[in-house]
Amino acid sequence: MHFLSSSALLAVSALAVASANPLQRQHSFFATNATCPIDTISCSGEPVSPCCSPTNGLLVLAMQWDTRWGPSNAFTVHGLWPDTCEGKQLPANGCDPARAYTNITSIIRASDVSLLADMNTYWPSNKGDNNWFWTHEWVKHGTCVSTLHPECYAEDAYRPQQEVADYFRTILDLRTKYDLYKALAKHDIVPTEPESGRRPKNTYSLKQFKQAIFSEWGVEPNVRCIGRRLQEVFLWFKVRGRDSYYPVQPYGRDSCGAISYQRKTTAV
Ligand SMILES: *[C@@H]1O[C@H](CO)[C@@H](O)[C@H](O)[C@H]1NC(C)=O
Ligand SMILES: *[C@@H]1O[C@H](CO)[C@@H](O)[C@H](O)[C@H]1NC(C)=O
């Protein structure tokens, strides 16, 4: 379901209330007006409201390694992308044109300045225009997180565009929890000096990357390269309840052989 109409939402909510038992109000960082079973697993086929479990319940946390941007000891965020339960991407124009906000920086600043500071640090655009990048990620992906639809919030508690900050905060929390740089460093995979000359050197194998992550979190990542140069690492998630993300085995492909994981040129 790409567009949530309120009648569809209410119909599915009613179904959830009628069929699931026992029901409990789930504790969450945002108040909900739906009564949700607490341990629904996304993509398991359980008939619950899209407010209670993300409809597009397989999500990719895409983290980038760009030597020109971000802290020298951190991957930066590309995005959190809800996919269909079969691992297919959603439409490029997102899921809700009515919420295709283009003022993400202003929305976040008005809501949570420390979140904005974290986004500037850990989610820089590699084209130098953060608002453009965040807008793109919000419109294409954020609007597709069914549990963040405004109708899922308690009516009296909802502030306009609150779900935007909730989306970005969720992602930065995942970045902190699944800190790739730290996980790799624990297994002696650290950035190397830039390669020089013609001979490939200072590279890691795909297997080393996959094994390091597997031993930390019990799942493998997808690792993406351009040539040998490390570009992105994807971690795949499903969701328990409304917003408890847990990693699952990847649904995508790797595109690296030997991996050149180079030291950043940024000062921080
Ligand atoms: C962002 O844009 C939306 C839609 O145009 C508007 O309603 C809202 O007030 C704006 N928010 C801020 C904080 O500027
Ligand atoms: C939940 O939100 C919908 C849409 O705003 C509203 O119609 C419904 O009455 C709300 N339900 C509760 C229990 O507040």
Side-chain angles (χ1 to χ4, degrees), residues 58-81 83 87 115 117-128 130 133 137 168-240 244-268:
L58 184 61
L59 299 98
V60 182
L61 179 67
M63 306 289 302
Q64 8 193 33
W65 185 259
D66 185 321
T67 56
R68 300 163 306 161
W69 297 96
S72 59
N73 64 350
F75 284 68
T76 54
V77 178
H78 186 169
L80 180 69
W81 305 334
D83 276 0
L115 174 60
D118 280 352
M119 287 168 63
N120 280 318
T121 302
Y122 294 110
W123 201 329
S125 161
N126 60 13
K127 297 187 175 68
N130 290 352
F133 187 33
E137 292 299 313
F168 286 97
R169 189 179 297 109
T170 297
I171 298 166
L172 286 180
D173 287 350
L174 286 175
R175 190 215 68 85
T176 307
K177 188 164 178 194
Y178 298 95
D179 185 327
L180 286 171
Y181 185 93
K182 272 195 200 152
L184 293 168
K186 264 192 182 175
H187 298 268
D188 298 323
I189 300 177
V190 292
T192 60
E193 292 301 329
E195 294 179 33
S196 60
R198 285 184 299 114
R199 272 186 311 137
K201 56 175 187 177
N202 293 341
T203 58
Y204 297 98
S205 69
L206 176 62
K207 197 171 169 194
Q208 279 177 294
F209 261 68
K210 291 205 159 221
Q211 281 179 347
I213 299 302
F214 187 85
S215 68
E216 288 303 300
W217 301 317
V219 299
E220 289 183 348
N222 282 135
V223 190
R224 316 278 304 167
C225 293
I226 294 177
R228 270 203 307 275
R229 185 169 56 78
L230 176 63
Q231 185 198 18
E232 298 200 296
V233 177
F234 293 172
L235 288 176
W236 293 73
F237 290 87
K238 285 187 179 173
V239 184
R240 183 175 293 107
S244 179
Y245 286 73
Y246 68 95
V248 297
Q249 283 296 88
Y251 282 62
R253 294 216 188 95
D254 304 302
S255 65
C256 304
I259 299 173
S260 171
Y261 176 32
Q262 290 180 14
R263 191 167 291 176
K264 290 196 186 185
T265 54
T266 50
V268 238

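Keep in mind it's a predicted model, so treat the numbers as computed, not measured.
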Side chains of [X] and [Y]: does their closest heavy-atom pair fall under 4.5 Å?
{"X": "M63", "Y": "T76", "value": "no"}
{"X": "L235", "Y": "N222", "value": "no"}
{"X": "Y251", "Y": "L58", "value": "yes"}
{"X": "I189", "Y": "Q208", "value": "yes"}
{"X": "M119", "Y": "L172", "value": "yes"}
{"X": "Q249", "Y": "F214", "value": "yes"}
{"X": "W236", "Y": "V219", "value": "no"}
{"X": "P221", "Y": "K210", "value": "yes"}

Take the angle between the ring planes of F237 and Y178 and call it parallel below 30°, perpendicular above 60°, tilted in between. perpendicular
By side chain to side chain donor-acceptor pair (under 3.5 Å) - contacts of D118 (at least two apart): none
Can you list the steps and then say if V60 with L80 is a side chain to side chain contact (heavy atoms under 4.5 Å, CB included)? CA-CA 5 Å; V60 182; L80 180 69; over 6 Å; no
[X] and [Y]: which non-hydrogen atoms are nearest, and at how many Å?
{"X": "S255", "Y": "C225", "result": "OG-N, 3.0 Å"}
{"X": "V77", "Y": "Q64", "result": "O-NE2, 3.7 Å"}
{"X": "N73", "Y": "Y181", "result": "O-CG, 3.2 Å"}
{"X": "L230", "Y": "V223", "result": "CD1-CG1, 3.6 Å"}

Working to the nearest 0.5 Å, report the span between [atom1] of [X] and [atom2] of [Y].
{"X": "L174", "Y": "Y245", "atom1": "CG", "atom2": "OH", "result": "7.0 Å"}
{"X": "L61", "Y": "K177", "atom1": "CG", "atom2": "NZ", "result": "12.0 Å"}
{"X": "D66", "Y": "Q262", "atom1": "CG", "atom2": "CD", "result": "11.5 Å"}

Please determine whether side chain to side chain contact (heavy atoms under 4.5 Å, CB included) holds for the pair N202 and E193, giving the CA-CA distance in whole Å, both sets of side-chain angles, and the decisive distance to 0.1 Å. CA-CA 7 Å; N202 293 341; E193 292 301 329; 4.3 Å; yes
E216: side chain to side chain contact (heavy atoms under 4.5 Å, CB included) partners, not counting sequence neighbours: A183, K186, H187
Side chain to side chain contact (heavy atoms under 4.5 Å, CB included) filter on N130, not counting sequence neighbours, yields N120, P124, S125, W134
Give a yes or no answer on whether the side chain of D254 reaches the backbone of C256 with a donor-acceptor pair at less than 3.5 Å. no
I'd like to know if the side chain of S260 and the backbone of T203 have a donor-acceptor N/O pair within less than 3.5 Å. no
Tell me whether the NZ or CZ atom of K264 lies within the 45° cone about the ring axis of W65 and under 6.0 Å from its centre. yes
Please name the residue in the list L184, D188, V190 that meets the side-chain contact (heavy atoms from CB on, under 4.5 Å) test with Y204. V190
Using distance alone, with no hydrogens and no angle criterion, decide if W81 and E137 have a side-chain donor and acceptor under 3.5 Å apart. yes
Ring centres under 6.0 Å, that's the criterion: do F75 and Y122 meet it? no
Do H78 and F133 have ring centres separated by under 6.0 Å? yes
